[in-house]
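These notes concern the structure reproduced below.
Index from 1, following the sequence.
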Amino acid sequence: MNLPSWFRPKLADTLKGYRAPDFSADLVAGLTVGIVALPLAMAFAIASGVKPEAGIFTAVIAGFIISALGGTKVTIGGPTGAFIVILYGINSQYGPENLATCTVMAGVILFVMGAARLGTMIKFIPDPVTMGFTSGIAVLIFTTQIKDFFGLKLDQVPSEFVQKLRALFEHAGTVQWPTLALAAASLAVILLWPKPWQRRVPGSIVALLIGTAMVALFQLPVDTIGSKFGGIPQALPSPHLPSLSWDNIRHLFQPAMTIALLAAIESLLCAVVADGMVDDRHDSNQELMAQGIANMVCPLFGGIAATGAIARTATNIKCGARSPIAGLIHAATLLVIILVAAPFAKSIPLATLSAVLVNVALNMGEWHNFRRLAKWPRSDAAVFLATFGLTVVIDLTVAVEIGMVMAAVLFIKRVSETTQITAVDEKSDREGPEDSLVGRDIPKGVMIYRIAGSFFFGAADKLETALKRAGQEPEVLILRMREVLAMDATGLNALEDLHERLRDRGKHLLLSGPHTQPLFMMGKADFLDRLGFDNVCANIELSLERARGILGLPPVPPSDPLYAEKQKIEAARQELASALERANKVLNSPVSPADSQVQSARKHANLGGGGKE
């Protein structure tokens, strides 16, 4: 089958040369990660405010689509903890029908991002922003699990952080000790399960089996999936189109953008991690398109938002996965569990699923970065703390927006600080020999300024400040721009203003050695036409020659980078010639026969200094 060049899943490439040993490795990995995904899928769904089967349906459908159409070899797709806070808030405010609509909208946005080749743009999100909101989400996940972990008698947990803490404190006296004991025991099993055994039997599965067995055997008075949700159906639901209205779409656009952005970040981070573990290279645009299709399809079958799951992907790789086939087997494994073992899910205690999510929150947070804040630049630490605090207290969307704006402003500040605008002359110039002012004649009335660094709006005012500091305006101002690699509209406007001010006073502006990007930008803006192409020179020598022409001065002889050294050599040669001439006079005086050898040597001497030995 011939696929278009802009849509080429990784599966199509990996199937070439696919052999039986590859399938055996993918089979073991797919079965293992499918079992691992079961408690996580249910826990994520419950924490998001929907029924547990929604998480399993998402893991089956999204897991299959992302593996079949994605741009990575071993990524496992499905519901993740990063979505919990967003989905819970949307479900509480707009209801489950609009949650499905919002997820479909996010899928469309993701697909458009991939089709527009915007996958590589995600890498421009700074690490302090990513780590800040990731740690904030971990805190929020932990707080959402306090109710089920302690068995608090609280009907509805508010979605806002402050109100949630207030409600939890108000109901702190309703702790159910059997629930707390079971949750603590489940968390202990997960945390203390030996790491060498994790590859074959994950601790979360062991905790789930032990917790379910204890509830069934001892009839513990704890909430279960059966008592809370009535169990899990034994089949995938029929597709259902969510209702659409312009008012809902208009209000859901911002949450949909948040889901899409978070899905893009998580999936591409997951792809980068997978690349490092299997020595491969992912297609970020193809991955985004696959994520988009998955998020458009999942809500039609009662699913929720999905993306690449880093922990499950790492498990998949450690279990020996070699291709996207492992992800397809993972989805098939979960489907078989639905068809066969759904009735047994009624006894799964919510306390154990809560312990699973508490472990997810503990592992998800970038806690080590709090210890490193003192060693970070203050700007990065401020962005990290602001994004973290806003994620927890206000909203993830606001946190990412403000974090990105802060990071951009601080980046511009750092870039502007590296831009230098200084006056130079033959004494202070430190350029290489080809562009040096050493040995050159700078006419009176000519000033030369060197701009080094990016000439952006953060640094454009430095030019005016430097000129004011000089206290005088020259007849001809030369700006050396050979070290300006980039310039924006504000930098261009500063040059235009300077040119107009000098022109109005009968003075002149020359540009020396501008780079490609600034030169093209000035040409496109017609600034070169107004400035005059004769006033844009390739190097400082031509700039000084042009300045002398403007001032009506005669041209200087062509300069030589080795002029000074040659002058020294010429002076030494002349001194040697003078000494030999004096010796010649002495030799021409009457001599004795004993001096005949000296006269013979004199005849062969080249008094001009140009002979060969």
(message) For the backbone of Ala486 and the side chain of Ser454, can you confirm whether one donor and one acceptor N or O come within less than 3.5 Å of each other?
(response) no

(message) Which heavy atom of Met42 sits nearest to which heavy atom of Ile232, and what is that distance?
(response) SD-CD1, 3.7 Å

(message) Strictly distance-based, threshold 3.5 Å: is any side-chain N or O of Thr144 a donor or acceptor partner for the main-chain N or O of Ile141?
(response) yes

(request) Ignoring hydrogens and angles, tell me if any N or O in the side chain of Thr14 forms a donor-acceptor pair with the backbone of Leu11 under 3.5 Å. (result) yes

(request) Using a cut-off of 6.0 Å, state whether more than 12 heavy atoms not belonging to Phe520 lie near its atom CZ. (result) no

(message) Would the distance check show the side chain of Trp367 and the main-chain N or O of Leu362 forming a donor-acceptor pair, the cut-off being under 3.5 Å?
(response) yes

(message) For the CH2 atom on Trp197, are there more than 12 heavy atoms of other groups (residues, nucleotides or ligands in this structure) within a distance under 6.0 Å?
(response) no

(message) Would the distance check show the side chain of Thr103 and the main-chain N or O of Pro299 forming a donor-acceptor pair, the cut-off being under 3.5 Å?
(response) no

(message) Any salt bridge linking Arg322 with Asp22? Criterion: basic side-chain nitrogen under 4.0 Å from a carboxylate oxygen.
(response) yes

(request) Could you tell me whether Asp275 and Lys73 make a salt bridge, using a distance below 4.0 angstrom between a side-chain N and a carboxylate O? (result) no

(message) Determine whether a donor-acceptor pair (N or O, by modelled atom type, separation under 3.5 Å) exists between the side chain of Ser135 and the backbone of Glu366.
(response) yes

(request) Measure from the ring center of Phe83 to the ring center of Tyr88 and say whether it is less than 6.0 Å. (result) no

(message) Nearest 0.5 Å, please: how far is CD1 in Ile46 from CG in Leu357?
(response) 8.5 Å

(message) What's the separation between atom NE2 in His330 and atom CD1 in Ile325, rounded to the nearest 0.5 Å?
(response) 14.0 Å

(request) Could you tell me whether the side chain of Glu287 and the main chain of Gly71 form a donor-acceptor pair under 3.5 Å? (result) yes

(request) Would you give the length of the straight line joining atom CD1 of Ile76 to atom OG1 of Thr315, rounded to the nearest 0.5 angstrom? (result) 9.0 Å

(message) Suppose we screen for side-chain hydrogen bond (donor to acceptor under 3.5 Å, both in side chains). Which residues come up paired with Lys164, at least two apart in sequence or across chains?
(response) Thr143

(request) Search all heavy atoms of Ala306 against all heavy atoms of Gln291 and return the closest pair with its distance. (result) O-OE1, 3.7 Å

(message) For the CZ atom on Phe161, are there more than 12 heavy atoms of other groups (residues, nucleotides or ligands in this structure) within a distance under 6.0 Å?
(response) yes

(request) Walk me through it: do His515 and Met487 pass the test side chain to side chain contact (heavy atoms under 4.5 Å, CB included)? (result) CA-CA 10 Å; His515 262 281; Met487 182 173 67; over 6 Å; no

(message) Please evaluate residues Asp26 and Ser323 with respect to the criterion side chain to side chain donor-acceptor pair (under 3.5 Å), reporting the C-alpha separation (whole Å), side-chain torsions for both, the decisive distance (0.1 Å), and the verdict.
(response) CA-CA 7 Å; Asp26 287 336; Ser323 76; 2.6 Å; yes

(request) Measure the spacing between OG1 of Thr58 and CG of Leu334 and express it to the nearest 0.5 Å. (result) 11.0 Å

(request) Heavy atoms only: give me the nearest Val129-Thr387 pair and the separation to one decimal. (result) O-CG2, 3.5 Å

(request) On the 0 to 90° scale, with breaks at 30° and 60°, tag the Phe111-Phe7 ring pair as parallel, tilted or perpendicular. (result) tilted

(message) A quick test of your reading: do over 12 heavy atoms of other residues, nucleotides or ligands sit less than 6.0 Å from CZ of Phe344?
(response) no

(message) Between Arg8 and Asp13, does any side-chain N to carboxylate O distance fall below 4.0 Å?
(response) yes

(message) Donor-acceptor pair, distance only, cut-off 3.5 Å: does the side chain of Asn98 make one with the backbone of Thr101?
(response) no

(message) Looking at Glu160, I'd like to know if its CD atom is crowded, meaning that more than 12 non-hydrogen atoms belonging to other residues, nucleotides or ligands lie closer than 6.0 Å.
(response) no

(message) Out of the candidates Ile90, Leu140, Val392, only one should pair with Val85 under the side-chain contact (heavy atoms from CB on, under 4.5 Å) rule; please name it.
(response) Leu140

(message) Around atom CZ of Arg281, are there more than 12 heavy atoms from other residues, nucleotides or ligands closer than 6.0 Å?
(response) no

(message) Other residues, nucleotides and ligands only: do more than 12 of their heavy atoms fall within 6.0 Å of NZ on Lys51?
(response) no

(message) My understanding is that only residues two or more places apart in sequence, or in another chain, count here; which of them pass salt bridge (Lys or Arg N to Asp or Glu O under 4.0 Å) with Asp127?
(response) none

(request) Identify the heavy atoms of Ile66 and Ala294 that sit nearest to each other, and give their distance. (result) CG1-CB, 3.9 Å

(request) Starting at CD of Glu401, measure out to OG1 of Thr258 and round the result to the nearest 0.5 Å. (result) 7.0 Å

(message) I need the minimum non-hydrogen distance between Ile190 and Ser204, along with the two atoms involved.
(response) CG1-CA, 4.0 Å

(request) Measure the spacing between CD1 of Ile86 and CD1 of Ile304 and express it to the nearest 0.5 Å. (result) 11.5 Å

(request) Please assess Thr224 against Phe229 for the test side chain to side chain contact (heavy atoms under 4.5 Å, CB included), listing each intermediate value before the final yes or no. (result) CA-CA 8 Å; Thr224 63; Phe229 303 102; over 6 Å; no

(request) Say whether, by atom type as modelled, one donor and one acceptor occur between the side chain of Asn91 and the main chain of Gly49 under 3.5 angstrom. (result) yes

(request) Over all heavy atoms of both residues, which pair between Ile84 and Ser48 is shortest? Give the atoms and the distance, please. (result) CA-OG, 3.7 Å

(message) Looking at Gly491, is its backbone amide N or carbonyl O close enough to the side chain of Asp488 to form a donor-acceptor pair, meaning the two atoms are under 3.5 Å apart?
(response) yes

